[in-house]
Amino acid sequence: MTGIGFSEIITYSFISPESADTLNADETSDLRRFTGLMNPLSKDQSVLRTSLLPGVMATVAHNRLNGEKDLRLFEWGKVFKNRKGDPQPLEQNMLVGAITGRAQQRTWYSNRRDVDFYDIKGCFEALLTGLGVDSARFERKNGFPGYDAESSCGVYASKTCIGQMGKASSSMKAAYDIEEDDVFIFEMNVAELLPFIPTEKRFRPFPRFPAVYRDISLVVDQRVESGRIVEFIQETGKDLLESVHIFDIYEGDQIGECEKAIAFRISYRSDKGTLDGDTVNRLYERMIRKVCNETGGRLREG
């Protein structure tokens, strides 16, 4: 985390039971499974925390009051959830991160840009890449307490949810007197992530044969996620597919009102020999048919 520009914070494990209200957690949420202290110093420190989000949000608010608005903060720590019939709570190691303010400042060669959803997503991806986890996917999903419903998603490895990320909800920001700027957050469940971290690293030889590139622009419904299209491309390309990258997204008058055009650069390569044009073209055509049949999309002309 420090390698991608974050600063570590350490917050109190004792918090207020009202913290679940700031997250807008419903009455059945695990975030309300508090373990009370026998001799609390105050109501604000009367239970063990069930989430790291209140601590990091309070730290963001404190820094803003002191004039520090461009923040990248993280905390690694335990949360505690009460278990019926067991005096000892369930302890889970969690990682939480938050960014706010400027992604880049204004200079003579660039304009100011504030952080957005894709900055926090990039941080999460960089962390997973550094850990060697290459099977994670991001799926739009509502219902994470403290997150904006339209700008959040779950992070999955195989079928396991290893975390969530997105924009902090307006109600949670208001609870901490943060209203001017957006705050983007993520949480990671360390125990759920550990099985997907490889125990050994293998050297991959440098390619001996040249790659063949194809560009494609597809028009699909705005509700179709680009990740689904990438999965269809990977299923078709199999071992000959080296990489898929999105290099352009267009929404405007040249296509339908509820459509978007996504342009992909696809790289094909074989470790056994140079690919011929016919082989690549057949893969390319199968991929187009697969994507169009699954999404109802079409090739963008011109």
Side-chain angles (χ1 to χ4, degrees), residues 117-118 121-122 124-141 153-162 195-302:
F117 176 87
Y118 296 102
K121 182 173 182 284
F124 207 120
E125 289 176 323
L127 177 60
L128 293 175
T129 299
L131 294 172
V133 180
D134 58 4
S135 59
R137 67 185 189 280
F138 298 80
E139 293 186 5
R140 183 188 296 274
K141 187 175 180 181
C153 67
V155 186
Y156 296 83
S158 186
K159 296 182 179 180
T160 303
C161 181
I162 60 174
F196 300 98
I197 299 177
T199 56
E200 61 181 21
K201 293 186 178 181
R202 293 181 176 272
F203 173 75
R204 179 179 296 174
F206 294 107
R208 295 174 54 199
F209 303 101
V212 179
Y213 297 93
R214 291 287 188 273
D215 291 348
I216 180 175
S217 183
L218 297 164
V219 179
V220 295
D221 189 281
Q222 287 182 346
R223 294 170 295 181
V224 176
E225 297 181 2
S226 59
R228 287 187 58 206
I229 300 177
V230 170
E231 288 178 1
F232 296 142
I233 294 173
Q234 291 172 335
E235 290 174 6
T236 307
K238 297 182 179 179
D239 294 339
L240 295 181
L241 182 73
E242 183 177 55
S243 63
V244 185
H245 297 290
I246 299 173
F247 66 86
D248 188 44
I249 297 179
Y250 172 79
E251 296 178 6
D253 298 335
Q254 298 181 20
I255 57 177
E257 182 178 354
C258 297
E259 293 181 322
K260 61 183 176 183
I262 309 177
F264 299 86
R265 168 151 289 191
I266 304 169
S267 171
Y268 298 95
R269 193 193 302 265
S270 172
D271 58 359
K272 298 179 180 179
T274 301
L275 291 173
D276 61 83
D278 290 340
T279 300
V280 174
N281 289 337
R282 286 195 296 271
L283 281 173
Y284 183 73
E285 291 170 1
R286 286 207 305 270
M287 180 268 296
I288 293 173
R289 289 197 298 270
K290 173 77 171 179
V291 173
C292 291
N293 289 338
E294 294 289 345
T295 66
R298 67 183 187 279
L299 279 174
R300 185 183 181 190
E301 300 179 357

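The analysis underlying the following values was restricted to heavy atoms, covering all of them including side chains, and did not include hydrogens, waters or symmetry mates. The model shown is predicted, which means the values in this text are computed figures rather than measured ones.
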Any chance you could measure [X], atom [atom1], to [Y], atom [atom2], to the nearest 0.5 Å?
X    : Y    : atom1 : atom2 : value
E231 : S226 : CD    : OG    : 10.0 Å
L240 : K272 : CG    : NZ    : 9.0 Å
L241 : Q234 : CG    : CD    : 6.5 Å
R286 : I288 : CZ    : CD1   : 12.0 Å
L283 : T236 : CG    : OG1   : 8.0 Å
L128 : I197 : CG    : CD1   : 8.5 Å

> What are the two closest non-hydrogen atoms of I255 and A261, and how far apart are they?
Replying inline: CD1-N, 3.7 Å

> Where is the tightest heavy-atom contact between P198 and L131, given as atom of each residue plus distance?
Replying inline: CD-O, 3.6 Å

Can you establish whether the number of heavy atoms outside [X] located under 6.0 Å from its atom [atom1] is more than 12?
X    : atom1 : answer
F206 : CZ    : no
D215 : CG    : yes
R208 : CZ    : no

Is the backbone of [Y] close enough, under 3.5 Å, to the side chain of [X] for a donor and an acceptor to pair up by distance?
X    : Y    : answer
R269 : F209 : yes
S158 : T160 : no
K260 : Q222 : yes

> Should V219 and L299 be marked as a side chain to side chain contact (heavy atoms under 4.5 Å, CB included) after you check the CA-CA gap, both sets of side-chain angles, and the distance that decides it?
Replying inline: CA-CA 6 Å; V219 179; L299 279 174; over 6 Å; no

>> Run the side chain to side chain contact (heavy atoms under 4.5 Å, CB included) test on R214 and N281 for me, step by step, so that the C-alpha distance in whole Å, both residues' side-chain angles and the decisive distance to 0.1 Å come before the verdict.
In response: CA-CA 9 Å; R214 291 287 188 273; N281 289 337; 3.0 Å; yes

For a 4.5 angstrom cut-off between non-hydrogen side-chain atoms, does [X] reach [Y]?
X    : Y    : value
E225 : F138 : no
F232 : T295 : yes
Y284 : I216 : yes

>> Regarding R298 and E259, does a basic nitrogen lie under 4.0 Å from an acidic carboxylate oxygen?
In response: yes

